[in-house]
Amino acid sequence: MAANENNSFTEDKDDQKTLSLKRIITVSSDDDDNNEDKESNKRQRSLSLTKIKPSQLMNKQPVIRNTRQTSLSIIRTNSDEGDNEERKWNLKMITPSSSSSSNQTLSKQQKKKMTQTKLTTLFKQKPSSPLVRTVSSPSIVKTETVTVTDRTRTVSLDGIDIDEEELFSQWNDQLNTSASATTTTQATTKTVDSKSVWKQIFGKPVKPKPIVDDEELKEQWSQLDKEQPPGNHRFYNPPAGVKRTCPFYKKIPGTTFCVDAFNFGNIEGIQAYFLSHFHSDHYGGLNKKFSNMLYSNQITCNLCKSQLGVRPENMTILPMNVFTNIHGIDVALIDANHCPGSNMFLFRFPNGKLILHTGDFRAASDILKHPLLQPNQIDTIYLDTTYCDSHYRFPPQDEVIESAVELVSDVLKENSKTLVAVGAYLVGKERVFHAIAKALDCKIFVEARKFRVLNQLENDDLSKRLTKNPHETNIHVVGMGSVTQPMLQTHIDKYSLKYSKIIGIKPTGWTTPRSTGGSKHYSIETKSSNITVYGFPYSEHSSFNELKFFIEYLKPKRIIPTVNIGRANIRDKMNGYFKQWLSV
DNA sequence: GCGATCAGCT
DNA sequence: CACAGCTGATCGC
């Protein structure tokens with residue numbers, strides 16, 4: 001297909017024709033859920049959101065609040081200067097056509113098969129979970145999907161073909177060296193020299209592009225500053241009696257969609273409520289009374305039902321990696337590499353314009369290889385800017401996991417009567433304790449609620465290693481907040497007959513990596529005779545350099561950050577980064 | 001007695 | 001800090 005061969009967002013009717021159209025069949029739920037839900041309801045109180053402290057509102061940065069009018073986003077000039085040709089990519093996406101047919105007479109199995117994509121192993125589809133089976137489709141929703149069946153593509157610049165594998169391995173090398181090149185102090189802030197990377201990749205320097213401030217967005221942010229005090233907008237709640245309104249950055253302009261916005265009741269003009277993943281600061285406000293239509297992936301919908309009691313008729317499960325037409329806009333879910341059941345949303349308008357909402361994500365070369373994500377094609381990116389500051393550097397997840405596995409086996413070799421407590425979120429950080437359990441070939445103890453949650457993540461090997469019996473294994477999963485000296489003491493006291501020592505593993509991106517000379521990526525946070533707490537720089541958000549590469553590769557026209565946006569000075573700083581990245 | 005929300009804390 | 005909560009208190013039904 002020829003639709004994506006140039007930079008602009010042109011309409012191309014042929015595009016639509018060459019892609020195969022498939023229809024998802026609505027399957028009604030037979031509510032086969034068990035009574036475990038009742039038990040989970042007892043835990044509801046834990047799902048409330050944290051509010052900002054009054055003291056925080058009072059004493060922080062009053063000057064900045066009232067004196068700075070700041071902008072946040074940028075528009076890349078994409079106009080018709082001749083210089084544009086310099087940066088023009090030639091992208092080809094080969095999409096073999098397949099026949100479209102009526103599904104009315106197909107068997108259940110065939111229907112299921114049709115909703116699945118044939119991408120590479122990177123984006124393998126899992127079979128539907130039995131927990132929530134409904135694909136609710138009220139009449140207003142069209143459920144035609146456009147299936148992308150091939151991720152083969154070639155990238156060339158000025159007639160030179162680029163080997164994508166080479167390109168991405170260059171990036172990985174750069175990221176690795178920059179992550180480990182930290183000194184013990186925070187003295188050097190080494191960031192990757194993108195210009196040289198791009199020069200290596202393309203064999204010649206790339207001309208910088210002029211960047212223009214986005215006045216419209218500037219205005220939207222300053223409006224928001226007037227409505228809300230500086231601080232964390234994600235947790236902001238207005239004074240009693242004042243209803244909080246949905247901020248602009250949670251709405252997708254030109255649509256009736258919002259993303260991760262459940263704290264605002266019925267939002268005016270919104271028909272479709274998208275949820276990117278099951279973390280409380282994103283689903284906050286969602287409960288069984290929810291009466292609109294939520295759109296998310298299978299895993300997240302499972303969790304919304306079992307943990308929050310959201311009714312299946314209020315949820316539409318969307319398939320991964322294909323476009324589904326919702327209220328006239330195509331939407332594709334792309335794995336976000338954050339927690340299980342996390343996805344990004346790619347919205348495609350009838351005229352071809354693309355908007356990407358990353359939700360929470362960790363940028364990786366695998367994500368950039370996705371056939372739906374290509375350079376110079378995206379208009380606006382709503383970006384997870386959690387670690388958008390140059391001092392946030394951490395190693396690739398695999399390396400950190402390897403370190404954790406090594407540490408645990410070393411400790412167990414030295415003293416087999418050691419209990420290993422691995423910190424995790426309700427959803428998130430699974431790879432750490434899973435890898436340890438796989439290496440030791442042992443089971444994983446988790447509490448009853450977490451047992452249910454982990455069994456909904458469609459990970460068979462993980463599921464079969466879980467146990468609710470703490471005596472069956474010395475790998476225990478605990479909440480991240482429980483990985484402290486006193487709480488680990490309490491924990492080991494319960495099992496003191498069997499264990500003489502306990503180590504805590506705290507895998508969080510806030511742990512700055514420390515150069516220990518080798519490949520060990522951990523630090524000792526606290527230590528006593530029988531208790532040691534280890535911090536591992538294991539992050540499920542992008543590091544600064546990963547964000548940088550992500551943006552430098554995709555080159556959107558406009559960036560709207562979704563985290564750390566409560567303070568104008570921080571927004572200014574991020575805006576400065578965005579300008580640099582887009583001009584490379 | 002239950003669920004929802006809030007304050008405080010990590 | 002910010003992440004993604006957790007615990008305990010209070011309020012409405």
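Order of the sequence lines sets the chain letters (A, B, ...), proteins ahead of strands, with each chain counted from 1.
Put simply, CG on A:Asp389 is 13 Å from P on C:dC3, counting in whole angstrom units. The distance between atom CD of A:Glu447 and atom P of C:dT7, rounded to the nearest whole Å, is 10 Å. Atom-to-atom, CD of A:Gln307 to P of B:dG3 comes out at 13 Å; the value is rounded to the nearest Å. The interatomic distance linking A:Phe544 (CZ) with C:dA2 (P) rounds to 18 Å, in whole Å. Note: CD (A:Gln485) to P (B:dT10) measures 16 Å, nearest angstrom. Here the P atom of nucleotide C:dC3 and the CG atom of A:Asp260 are 13 Å apart, to the nearest Å. When the P atom of B:dT5 is taken as reference, atom OH of A:Tyr283 falls 13 Å away, rounded to whole Å. Following rounding to the nearest Å, A:Asp281 (CG) and C:dC6 (P) show an atom-to-atom distance of 12 Å.
Taking the six-membered ring where the residue is Trp, A:Tyr387 and A:Tyr392 present perpendicular rings, their angle passing 60° and hence far from 30°. Taking the six-membered ring for Trp and thresholds of 30 and 60 degrees, A:His277 and A:His282 have ring planes inclined between 30 and 60 degrees apart. In this structure, A:Tyr577 and A:Trp581 have parallel ring planes: the angle between them is below the 30° cut-off, well short of the 60° mark. The aromatic rings of A:Phe347 and A:Phe257 sit tilted, their planes meeting at an angle between 30° and 60°.
For the pair A:Tyr392 and A:Glu540, both in contact range of DNA chain C, the more 5′-proximal nearest nucleotide belongs to A:Tyr392. Map A:Met487 and A:His338 each onto its nearest nucleotide of DNA chain C; the residue landing nearer the 5' end is A:His338.
Taking only side-chain atoms of A:Ser280, from C-beta outward, the nucleotide of C:dC6, B:dA4, C:dA4 with the closest atom is C:dA4. Closest to the side chain of A:Val563, from the set C:dA2, B:dA4, C:dA4, is C:dA2. Minimum atom distance to the side chain of A:Trp510 is reached by C:dC3, of the listed C:dA4, B:dA4, C:dC3.
Residue A:Arg567 places at least one side-chain N or O under 4.0 Å from the OP1 or OP2 atom of C:dA2. Distances shown here put a side-chain N or O of A:His541 below 4.0 Å from the OP1 or OP2 atom of C:dA4.
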Donor-acceptor list for residues 470-478 of chain A side chains, cut-off 3.5 Å, not counting sequence neighbours:
residue	atom	partner	partner atom	Å
A:Glu472	OE1	A:Thr467	OG1	2.8
A:Thr473	OG1	A:Lys443	O	2.7
A:Thr473	OG1	A:Ile475	N	3.0
A:Asn474	ND2	A:Thr418	O	3.3
A:His476	ND1	A:His491	NE2	2.9
A:His476	NE2	A:Pro470	O	3.0
A:His476	NE2	A:Thr473	O	3.1

